[in-house]
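For reference, the structure is listed below as C-alpha cells.
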Amino acid sequence: MASKKREVQLQTVINNQSLWDEMLQNKGLTVIDVYQAWCGPCKAMQPLFRKLKNELNEDEILHFAVAEADNVVTLQPFRDKCEPVFLFSVYPEIPLVDSDSEVSEESPYESVQELYGIAIIKPDAVISKKVLEIKRKITKAGFIIEAEHKTVLTEEQVVNFYSRIADQPDFEEFVSFMTSGLSYILVVSQGSKHNPPSEETEPQPDTEPNKPSEDQPEVEAQVTPGMMKNKRDSLQEYLERQHLAQLCDVEEDATNVAKFMDAFFPDFKKMKNMKLEKTLALLRPNLFHERKDDVLRIIKDEDFKILEQRQVVLSEKEAQALCKEYENEDYFNKLIENMTSGPSLALVLLRDNGLQYWKQLLGPRTVEEAIEYFPESLCAQFAMDSLPVNQLYGSDSLETAEREIQHFFPLQSTLGLIKPHATSEQREQILKMVKEAGFDLTQVKKMFLTPEQIEKIYAKITGKDFYKDLLEMLSVGPSMVMILTKWNAVAEWRRLMGPTDPEEAKVLSPDSIRAQFGISKLKNIVHGASNAYEAKEVVNRLFEDPEEN
C-alpha cells in the first residue's frame with residue numbers, strides 16, 4: 001500500500017493553464033512529461049523518475065509532472081504530435097533588482113501583461129487585405145495568437161492607448177486614421193522555441209541539434225517564466241524585417257498591455273482555459289412540434305449559447321445524411337419519411353467543449369439503450385412512440401459540425417451604413433448592437449460618399465423629390481460603411497435597423513437602431529441593402545470586390 005501511495009504522489013497532474021502557471025513557480029527543477037488525451041503520458045519513464053526521486057529524496061528541488069497539451073494554452077505547439085516530449089523548468093531565476101526596492105508578494109510572471117503581448121493590425125492593413133499575411137508571419141515567427149478582437153477604435157481609446165505619442169505634431173491625424181476603419185487586436189504569447197526563426201539565414205548543418213531516435217523521447221529546451229519577455233521583445237524587429245511594421249503595432253509596455261486586456265479581453269484569464277466549440281443540433285419534427293420549449297430550456301440551463309436557429313423542412317437527401325447511422329436498420333425508411341414530414345429545428349450551439357458535451361447530453365442512438373443504461377440522457381427523457389431513435393441530433397466531429405453549419409446556415413454579406421449625423425457615441429453604440437446581434441464586421445471604413453456612390457446605394461429613389469435633400473445630408477461628413485456578415489444577413493440587418501420612420505420604429509420595434517437613434521425619415525441614422533443582389537453590387541463598388549480577411 002505504501003508503494004502505491006508513493007506512485008500516486010510521484011507526478012503532479014497538470015490539465016489546465018492555471019495549474020501550469022502554478023507549476024512554473026516550483027523551486028528547483030521540474031521535469032514535465034507532455035502528453036495528449038488520445039496518447040497518454042510516457043509510462044516507460046515512470047520507473048526512472050521513481051528511482052531518482054527515492055534515491056535523491058529532494059522534495060523541495062526535484063519535481064515531476066505530467067501535462068496534458070490539449071488543455072494547456074502554453075503547450076499548444078505540442079498538440080497533434082505522437083512522440084514523447086519532456087520539458088524542464090528551473091525556478092527561481094536570479095532577479096536584477098535594487099537591494100533597497102520592495103519585492104512584491106505576487107510573482108511578476110503571474111500577471112497577464114508579463115506573459116502576453118498585444119499586436120494591433122491597423123485599418124489600412126485590413127482594407128488592403130493584409131490581415132492573414134500578418135497573422136501568418138506572427139505564427140511563423142514562433143508566436144501563438146491566443147485571442148483576437150475586431151473593432152473600430154474610438155477616439156478615446158486611441159488617445160488612451162497611444163498616450164505616449166500624444167505630444168507629436170501629427171497625433172490628431174493619427175487618431176483620425178486609427179478610428180477610420182476596422183482594426184484587429186491580437187493577444188500574442190510565446191511559442192515552443194526561445195527565439196523566433198529568421199527567414200534571412202539558413203541553419204548551419206553543424207549547429208543543428210541531434211534528433212532523438214524513434215525509441216528515445218524528445219527532450220525540449222528548458223522552459224522558464226522569464227522566456228516570454230525576451231521573445232516578445234523581438235516581434236517588432238521581426239515585423240520590421242518583413243516590412244510589415246507600418247501595418248501592425250506591437251505593444252509591450254506592461255501598463256498599455258493591461259489597458260488593452262481590460263478593454264477588449266476582460267474575461268481572458270477565464271476564456272484561455274476554455275475550449276469553445278460550435279456544434280449543430282437538430283430537433284426532429286415530432287419533438288420540435290410537441291416539446292421544443294422543454295429542450296430549449298435544458299440547452300440554456302447547460303450553459304449553451306444559441307448562435308443561430310431556424311425551422312427547416314429537410315429534403316430526402318438531407319434526412320439521409322443526418323440519419324446515416326441508422327441506414328442498416330429495418331426502420332430506416334420510416335425514419336426518413338418522418339424526418340421529411342414537417343419542420344425540424346436546427347440550432348448552432350456554442351459552449352466550452354461544446355461538441356462533446358452535447359453528445360454526452362444526447363446519450364445513445366436508440367431509446368432502448370438509453371432507458372436501460374442512461375436514463376438521464378436527452379434520448380431517454382424525450383423518447384417518443386413514433387420511432388425508437390434519439391429525437392435529437394448532434395454533429396459527430398468538429399469537421400462535420402463546420403460542414404453542417406455551413407449547409408444549414410450559409411453566410412451572407414450585406415451593406416450597412418451609419419450616416420454622417422451620428423455622433424461618435426452613437427456609432428459606438430450601434431457597432432455594439434451589431435456585434436451583439438451576431439454579425440461579423442468583415443470590413444469597415446469611414447468615407448466621404450461621392451454623388452456617384454450615393455446614387456448606386458440609393459438607386460431605387462434617385463427620382464424621388466427628397467433625393468436632393470438626401471444627397472445634401474450625406475455630403476456633410478463621412479459615413480461609416482460596413483460589410484456585415486452572418487446567416488440571412490440582409491433580412492437580419494433590416495430587422496435590426498427597424499422601420500424607415502423612427503416614430504413608427506418606436507412603436508413597432510422599440511429595440512431597433514432607428515427607434516433609439518433616428519431623428520426623422522431622412523436622418524434615420526442607418527441604411528441597408530434591400531436584397532442580396534443589391535448588397536453584392538454596392539459592396540463590390542465600395543470595397544472593390546473584397547475578399548474575406
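Along the sequence shown, residues carry numbers from 1. Worth saying up front: this structure is predicted, and the values here are computed from it rather than measured. Keep in mind that the numbers below use all heavy atoms, side chains included, and drop hydrogens, waters and symmetry copies.
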Listed once per pair and sorted, the salt bridge (Lys or Arg N to Asp or Glu O under 4.0 Å) pairs that draw on residues 511-529, sequence neighbours left out: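 Counting only pairs at least two positions apart or across chains, no salt bridge (Lys or Arg N to Asp or Glu O under 4.0 Å) contact touches residues 511-529.
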Six-ring centre of Tyr238, Lys137 cation under 6.0 angstrom, axis tolerance 45°: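 Ring-cation test returns no.
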Among all residues two or more places apart in sequence or in another chain, which pass the salt bridge (Lys or Arg N to Asp or Glu O under 4.0 Å) test with [X]?
{"X": "Lys150", "value": "Asp440"}
{"X": "Glu537", "value": "Lys456"}
{"X": "Arg164", "value": "Glu251"}
{"X": "Lys275", "value": "Glu277"}

NZ/NE/NH1/NH2 to OD/OE distance under 4.0 Å, Lys122 and Asp249: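 Yes, charged N to carboxylate O under 4.0 Å.
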Side chain proximity check, Ile185 to Glu148, heavy atoms < 4.5 angstrom: no
Side-chain heavy atoms of Ile14 within contact of Val66, under 4.5 Å: no
Pairs where residues 520-539 contributes a residue and the test ring-ring contact (aromatic ring centres under 6.0 Å, His included) is met, not counting sequence neighbours: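 Passing the test, one end in residues 520-539: Tyr458-His527.
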Over 12 foreign heavy atoms within 6.0 Å of NZ, Lys486: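 Yes - once you tally the heavy atoms of other residues, nucleotides and ligands closer than 6.0 Å, there are more than 12.
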Considering residues at least two apart in sequence or located in another chain, which fulfil the side-chain contact (heavy atoms from CB on, under 4.5 Å) criterion with [X]?
{"X": "Pro510", "answer": "none"}
{"X": "Glu425", "answer": "Thr423"}
{"X": "Lys506", "answer": "Glu503, Ala515"}
{"X": "Ser413", "answer": "Ile483, Thr485"}

For Phe265, all residues meeting ring pair (Phe, Tyr, Trp, His ring centres under 6.0 Å), sequence neighbours excluded: none
Just distance, no hydrogens or angles: give the donor-acceptor pairs under 3.5 Å from side chains in residues 171-180, sequence neighbours left out.
| unit_1 | atom_1 | unit_2 | atom_2 | d |
| --- | --- | --- | --- | --- |
| Thr179 | OG1 | Val175 | O | 3.0 |
| Thr179 | OG1 | Ser176 | O | 3.1 |
| Ser180 | OG | Phe177 | O | 2.5 |

